Amino acid sequence: CLFSQILALPVGIISILTVIGYFYEAPPLMLGLDLSTAMALHTMLLFIALFFGILCCRPGCGIMTLVSSDAIGGKLIRRIFPFVFLVLITLGWVKLWGEKAGIISNEFGISFVVVGNLTFMLLYVYILSFWLDKADSEREQAETYREMGSEVLQVLNEPGPSSDLIPRALKILKTRIGFDAVGMRLRDGDECPYFFQEGFTQDFLLAEKTLIERGADGGVCRDKDGNVSLECTCGLVISGKIDLAHPLFTRGGSFWTNDSFPLLDLPSDQDPRLHPRIQCIHQGYASVALVPIRVKDRIIGLSHLNGRHKG
């Protein structure tokens, strides 16, 4: 594989050299022999296609291993090579055009090409540094999530009741991800109070003490099936009455948003919630996640994760 790719390199280099010669309107490529002739354009293009075909037919071996890699090195090469190739050819053509037009001298043209190369390369490297910084941040974030997931699974796999293990797992999520408040609601008869919470204010907990919809007489409201009607988004998730067509709900029955404030402007005819209280928004929580807790096919509560930051 590597041997065939190395043998193909001279073919590719000569073919590309000849194409650039055509582009620059240079004299035919000569080898210093009386029998030498110019290479036809279609011949050059076929040789270039053959060259890249040999390289790409087995991208996982030889010199193509790094080029086709999904690692940071492969991504970097695929971004640098085309740009460098295009800039060098373009600046060389501008130099030749300026000299033929009598606008610049050969010495100035060489200076122009050198300065142009330096300028474009430095600018491109500067732009790439932002991409590399983002890629490195994503890598660190993914590594943090893996470690956090392992830590959470280790806690959940410990012996003991779920009512003790889930709060510990939520504390890990709060600390590692940076949530400002976490809580867990569990069904208790018709009610679904916070069994565990950390970070919520007393005013919030008082307002969210019950999810039950009550009539003017104080009685419990029920739906047509006799189930207790639960208010706001928590009530939707616990009741399992989510709208899968809504982008903020997942197929697993969870609700999540990285920017809750636009929900204030949601028209009532488009709002799937029953009597939305928007306490999370009033408390300044931009990021909200509500994940149902299930026992077999029955929802017995939810995990509540809130953050004041967006995203």
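Throughout, residue positions are numbered sequentially from 1 according to the sequence presented. Everything numeric here is computed off the predicted structure, so don't read it as measured data.
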Give a yes or no on whether the backbone of T65 and the side-chain of S69 come within a donor-acceptor separation of less than 3.5 Å.
no
So which heavy atom on G92 is nearest to which on Y24, and how close?
CA-OH, 3.4 Å
So does K241 pair up with D223, basic N to acidic O under 4.0 Å?
yes
To the nearest 0.5 Å, what is the distance between CD1 on I16 and CZ on F85?
5.0 Å
Just wondering, more than 12 heavy atoms not from E99 lying within 6.0 Å of its CD?
yes
Side-chain donor/acceptor pairs under 3.5 Å, residues 108-120, sequence neighbours excluded:
{"residue": "S111", "atom": "OG", "partner": "E107", "partner atom": "O", "Å": "3.1"}
{"residue": "N117", "atom": "ND2", "partner": "V113", "partner atom": "O", "Å": "3.1"}
{"residue": "T119", "atom": "OG1", "partner": "V115", "partner atom": "O", "Å": "2.8"}

Answer yes if I281 and L274 sit in the same cluster of Ile, Leu, Val, Met, Phe, Trp and Tyr residues linked by side chain heavy atoms under 4.5 Å apart, and no otherwise.
no
S260 side chain vs Y285 backbone, donor-acceptor pair below 3.5 Å:
yes
Which is it for L230 and E213 under the side chain to side chain contact (heavy atoms under 4.5 Å, CB included) test, yes or no, and what are the steps along the way?
CA-CA 6 Å; L230 301 179; E213 179 191 14; over 6 Å; no
To the nearest 0.5 Å, what is the distance between CG on L244 and OG1 on T250?
8.0 Å
For residues 44-63, tabulate all N or O donor-acceptor pairs below 3.5 Å that involve a side-chain atom, not counting sequence neighbours.
none

Membership question, hydrophobic clusters at under 4.5 Å side-chain separation (ILVMFWY): are L88 and L86 in the same one?
no
Salt bridge (charged side-chain N to carboxylate O under 4.0 Å, His left out) involving K209 - partner list, sequence neighbours excluded
none
With rounding to the nearest 0.5 Å, note down the distance linking CD in E151 to CZ in R168.
9.5 Å
Count the heavy atoms belonging to other residues, nucleotides or ligands that lie under 6.0 Å from CH2 of W97, then report whether that count exceeds 12.
no
Count the heavy atoms of every other residue, nucleotide or ligand shown that sit under 6.0 Å from NZ of K134, and state whether that count exceeds 12.
no
Tell me which donor-acceptor pairs under 3.5 Å the side chains of residues 200-208 have, and how far apart each pair is, sequence neighbours excluded?
{"residue": "T201", "atom": "OG1", "partner": "F204", "partner atom": "N", "Å": "3.2"}
{"residue": "T201", "atom": "OG1", "partner": "Q283", "partner atom": "OE1", "Å": "3.4"}
{"residue": "E208", "atom": "OE1", "partner": "R185", "partner atom": "NH2", "Å": "3.0"}

With rounding to the nearest 0.5 Å, note down the distance linking CZ in R79 to CG in L76.
8.0 Å
N258 and K310: CA distance, side-chain angles, deciding distance, side chain to side chain contact (heavy atoms under 4.5 Å, CB included) verdict
CA-CA 5 Å; N258 289 329; K310 294 183 180 181; 5.6 Å; no
Is a salt bridge present between E143 and R139, judged by a nitrogen-to-oxygen distance below 4.0 Å?
yes
Would a single hydrophobic cluster contain both V237 and F195, if residues Ile, Leu, Val, Met, Phe, Trp and Tyr are joined by side-chain heavy-atom contacts under 4.5 Å?
no
Any side-chain heavy atom of T233 within less than 4.5 Å of one from P276?
no
Heavy-atom pair of closest approach, residues D217 and G219
OD1-N, 3.0 Å
Go through I77 and L66 one step at a time and tell me if the side chain to side chain contact (heavy atoms under 4.5 Å, CB included) criterion holds.
CA-CA 8 Å; I77 286 178; L66 181 60; 3.4 Å; yes
Taking all non-hydrogen atoms of both residues, which atom of R222 and which atom of G226 are closest, and how far apart?
NH1-O, 3.0 Å
Measure the SG-CG distance between C192 and L211 for me, rounded to the nearest 0.5 Å.
6.0 Å
Kindly work out whether a path of hydrophobic side-chain contacts (I/L/V/M/F/W/Y, heavy atoms less than 4.5 Å apart) joins V125 to W131.
no
Over all atoms of both residues, closest heavy-atom pair of P292 and S254
CD-OG, 3.3 Å
Kindly write out the residues that satisfy ring pair (Phe, Tyr, Trp, His ring centres under 6.0 Å) with Y124, not counting sequence neighbours, or none if the list is empty.
F83
One pair to check against side chain to side chain contact (heavy atoms under 4.5 Å, CB included): Q197 and M184. What are the steps and the verdict?
CA-CA 6 Å; Q197 70 83 26; M184 181 175 66; over 6 Å; no
Membership question, hydrophobic clusters at under 4.5 Å side-chain separation (ILVMFWY): are I127 and L132 in the same one?
no
Side chain of S150, backbone of R146: donor and acceptor closer than 3.5 Å?
no
Mind checking the CD-CD1 spacing from E231 to I238? Nearest 0.5 Å is all I need.
12.0 Å
Which atom pairs, one a donor and one an acceptor, fall under 3.5 Å between side chains of residues 295-305 and the rest of the protein, sequence neighbours left out?
{"residue": "H304", "atom": "ND1", "partner": "Y194", "partner atom": "OH", "Å": "2.7"}
{"residue": "H304", "atom": "NE2", "partner": "N306", "partner atom": "OD1", "Å": "2.9"}
{"residue": "H304", "atom": "NE2", "partner": "N306", "partner atom": "ND2", "Å": "3.4"}

Whether Y126 and F130 hold their rings parallel, tilted or perpendicular, with breakpoints at 30° and 60°
perpendicular
